[in-house]
Amino acid sequence: MVRAARRVVRVTRRTASQYLGVGHSRARGASGHLHARLTKGEYWKRQYIPLLASYYRSGYSITLSPSLEFLDGPQGEEFALLRSPWLRLRRNAPKGSLILTDDKSAAERLHNSGERVGLVAVEDYTSDWGASSLALPYMMHPSLYSPEKIALSDSQAGSPERDIKVFFAGNFKPGDYDEARLVDKFSVETRIALKSRIESSFHAVTMWIKTWEEKEKLRNIDKPILIVDSNKAGLKYDEYFDLLGRSAFFLAMPGIASPNCHNLPEAMSRGCIPIIENAKWFDPLPFVSGVNCIEFRTADGFVPAVREALEMDEEATALLRAGVNEIWERFFQSSAIVRRVNEVIDSARDSLPVILIKPES
C-alpha cells in the first residue's frame with residue numbers, strides 16, 4: 001500500500017509539473033469539442049498524440065481524462081502531451097462532445113446510450129474489425145506535434161529541384177535496430193542489415209554523415225545517396241525537413257520491431273518517394289510499386305530497388321511523386337484524418353465504431 005501511494009504521488013507530481021504553467025484554453029473549438037478518455041499505458045500510446053493534434057489542427061478544442069496507468073508510462077519529448085496548450089485536463093466530457101477512448105466497456109456503454117464515441121484500439125496487422133472500423137497509418141514522430149513544431153506535421157512542401165536522389169536519416173544503434181523479432185514476425189530486413197547492403201553495394205556513390213563534425217559535408221552534397229546517422233551526427237528538425245525536401249527518394253527503413261516507422265510520413269510530407277519492403281505491412285496506405293513507391297519483396301530485392309531509383313528519369317519520378325502526394329493528402333493531412341474518423345463514428349449504428357492505430361511493436 002505504501003508503494004502504491006508513493007507511485008500515485010510520483011505520477012501526480014510529474015503530471016502537475018508538465019501541466020501547470022501552460023495556458024490551456026477553455027474556449028470551445030469552432031469545429032466542435034473532442035474529449036479523450038485514455039487508460040492504457042503501453043508504449044504505443046504515443047500514437048494518440050498525432051490523432052488528438054489532428055483534431056486541434058482542424059478547429060476542435062481538446063480535453064483529456066487520463067488514468068493513472070496512462071500517466072505512469074514512458075516519458076520523454078515524445079510524450080509532451082500535457083505541455084500542449086491546446087489540451088486541457090477534465091474528468092468528464094462536456095455536453096455534445098465527440099469522445100475517443102481506449103476503454104472498450106466505456107465505449108460500448110456510451111455508444112449504446114447514443115453518444116458520439118469511438119473505441120481506439122491497436123491494429124495488430126491481422127485483426128478484422130468489420131465495416132464500422134477505420135485503420136490509421138503509422139504517424140509522424142509525436143514530438144512534431146509539440147506547440148513549437150506542430151505546423152511541420154501538417155504542411156506539404158519540397159524543393160522543385162531534387163539534388164539528392166536517395167536519402168535516409170535515422171538511428172542505427174546496434175541492439176535496437178537489428179532486432180531478430182522484426183525478421184521473425186514480419187520477414188523483413190532490419191535497419192542494420194539494410195545499412196550493410198548500402199555499404200557493400202553503393203559505397204562509391206554514398207555520402208555518409210556519421211559524426212557531428214561530418215555535418216559540414218552537407219554544405220556540398222556531391223553524391224546521389226545521402227545517409228545520416230542521426231544517433232551520432234544528429235539533425236535539427238529544420239535541417240532534416242530541408243534534406244527531405246531536396247530528396248527524390250527515401251529509404252523507408254523499419255523501426256525497432258515494426259516495418260512501420262515515423263520516418264515514412266515525414267518523408268512523404270515533403271514529396272519523397274518511399275522505397276519499402278513488402279507493401280502489405282503498410283496498410284491502410286495503398287502502395288503500388290511503380291505508381292507511388294518502389295517496393296521490394298525480399299532481401300535480395302533491396303539493391304535492385306535502390307538502383308531503379310538512381311536510374312529513374314525526372315518524368316517517371318514526377319509521376320510517382322504525384323501518387324505520393326495523393327496518399328499524403330488522403331491519409332495524413334489533419335482535415336482528412338478528422339473527416340474519415342468522424343464519418344466512421346457517425347455512420348455506425350448497431351456496432352461500435354473502432355479506430356485502429358498502429359502499434360509500436
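All values reported here derive from a predicted model rather than from experimental measurement.
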Roughly how far, to the nearest 0.5 Å, is CH2 of Trp281 from NZ of Lys185? 8.5 Å

Asn342 and Tyr55: side-chain donor and acceptor closer than 3.5 Å? yes

How are the rings of His262 and His141 set to each other: parallel, tilted or perpendicular (split at 30° and 60°)? perpendicular

To check you understand the geometry: which heavy-atom pair defines the closest contact between Cys261 and Gly255, and what is its length? CB-N, 3.9 Å

On the ring face of Tyr138, is Lys358 found with NZ or CZ under 6.0 Å from the centre and within 45° of the axis? no

Whether Glu213 and Lys215 form a salt bridge (side-chain N of Lys/Arg under 4.0 Å from carboxylate O of Asp/Glu) is what I want to check. no

Side chain of Glu239, backbone of Lys236: donor and acceptor closer than 3.5 Å? yes

Please answer: with hydrophobic residues joined when any side-chain heavy atoms are less than 4.5 Å apart, are Leu68 and Tyr48 in the same cluster? yes

Got a sec: does the NZ of Lys173 have more than 12 other heavy atoms crowding it under 6.0 Å? no

Distance col, row Asn278:CG vs Ser289:OG, nearest 0.5 angstrom, shows 11.5 Å

Using the rule that Ile, Leu, Val, Met, Phe, Trp and Tyr join whenever any side-chain heavy atoms are under 4.5 Å apart, tell me whether Met207 and Ile227 fall into a single cluster. yes

Side-chain heavy-atom pair Val306, Leu251 within 4.5 angstrom cut-off: yes

Checking Asp346 against Arg116 for the salt bridge (charged side-chain N to carboxylate O under 4.0 Å, His left out) test, could you report, in this order, the C-alpha distance in whole Å, the side-chain angles of both residues, the deciding distance, and whether it holds? CA-CA 7 Å; Asp346 293 337; Arg116 294 180 70 208; 2.9 Å; yes

Surrounding OH of Tyr56 (heavy atoms of other residues, nucleotides or ligands, distance under 6.0 Å), is the total greater than 12? no

Name of the residue among Thr101, Leu119, Val341, Ile337 meeting side-chain contact (heavy atoms from CB on, under 4.5 Å) with Ile355: Val341

Same hydrophobic cluster for Tyr240 and Trp212, using side-chain heavy-atom links shorter than 4.5 Å among ILVMFWY? no

Please round to the nearest 0.5 Å and tell me the distance separating atom CE of Met253 and atom OH of Tyr177. 12.0 Å

So, for Val338 and Ser58, which heavy atoms are closest and what is the spacing to 0.1 Å? CG2-OG, 3.5 Å

Is the side chain of Asn112 donor-acceptor paired with the backbone N or O of Glu108 at a distance under 3.5 Å, no angle test? yes

Does CD belonging to Glu326 count more than 12 external heavy atoms closer than 6.0 Å? no

State plainly whether the residues Asp178 and Arg191 are in salt-bridge range, i.e. N to O under 4.0 Å. no

Atom of Thr317, atom of Ala248 and distance for their closest heavy-atom approach: CG2-CB, 4.3 Å

Show the nearest heavy-atom pair for residues Ser201 and Val303, with the distance to one decimal. OG-CG2, 3.5 Å

Check whether any side-chain N or O of Thr206 sits under 3.5 Å from a backbone N or O of His203 as a donor-acceptor pair, and report yes or no. no

When you measure from the side chain of Ser258 to the backbone of Pro254, do you find a donor-acceptor pair of N or O atoms at a distance under 3.5 Å? no

Say whether Ser351 and Ser132, considering side chains only, have a donor N or O and an acceptor N or O under 3.5 Å apart. yes

Quick check: does any side chain N or O of Glu179 sit under 3.5 Å from a backbone N or O of Ile256, one acting as donor and the other as acceptor? no

If you take all heavy atoms of Phe186 and Ala257, which pair is closest and at what distance? CE1-O, 3.4 Å

Donor-acceptor contact below 3.5 Å, side chain Asn292 vs main chain Pro286: yes

Between Phe332 and Val291, is there a shared hydrophobic cluster once you connect ILVMFWY residues whose side-chain heavy atoms come closer than 4.5 Å? no

Using 30° and 60° as the class boundaries, would you call the ring planes of Phe250 and Phe168 parallel, tilted or perpendicular? tilted

From CG (Leu89) to CD1 (Ile62), nearest 0.5 Å: 13.0 Å

Of Asp102, Val120, Leu134, which meets side-chain contact (heavy atoms from CB on, under 4.5 Å) against Ile357? Val120

Within the side chain of His24, is there an N or O that forms a donor-acceptor pair under 3.5 Å with the backbone of Leu87? yes

Minimum side-chain heavy-atom gap Arg307-Phe202 below 4.5 Å: yes

Asp103 and Leu38, any side-chain heavy atoms less than 4.5 Å apart: no

Rounded to the nearest 0.5 Å, what separation is found between the OG1 atom of Thr298 and the CG atom of Asp300? 5.0 Å

Please check: side-chain N/O of Ser65 versus main-chain N/O of Arg91, any donor-acceptor pairing under 3.5 Å? yes

Carboxylate-amine/guanidinium proximity below 4.0 Å for Arg321 and Glu315: no

Are any non-hydrogen side-chain atoms of Leu356 and Val122 less than 4.5 angstrom apart? no

Look at the side chain of Ser97 and the backbone N and O of Pro94, then say whether any donor-acceptor pair between them is shorter than 3.5 Å. yes

Option from Arg88, His33, Arg90, Arg26 for which side chain to side chain donor-acceptor pair (under 3.5 Å) with Thr63 holds: His33

Please determine whether residues Val205 and Ile164 belong to a single hydrophobic cluster, defined as Ile, Leu, Val, Met, Phe, Trp and Tyr linked transitively by side-chain heavy-atom distances below 4.5 Å. yes

Backbone N/O of Pro304 and side chain of Glu308: donor-acceptor pair under 3.5 Å: no

Check: Phe302 ring centroid to Phe296 ring centroid under 6.0 Å: yes

Heavy-atom pair with the smallest gap, counting every atom of Phe241 and Ser269: CE2-OG, 3.7 Å

Hey, could you give me each pair passing salt bridge (Lys or Arg N to Asp or Glu O under 4.0 Å) that has a residue in residues 157-172? Not counting sequence neighbours. Asp163-Arg246

To the nearest 0.5 Å, how far apart are OG1 in Thr39 and NZ in Lys104? 13.5 Å

Neighbour count >12 (heavy atoms, 6.0 Å) for atom CD, Glu314: no

Examine the side chains of His111 and Glu115 and answer whether a donor and an acceptor come within less than 3.5 Å of each other. no

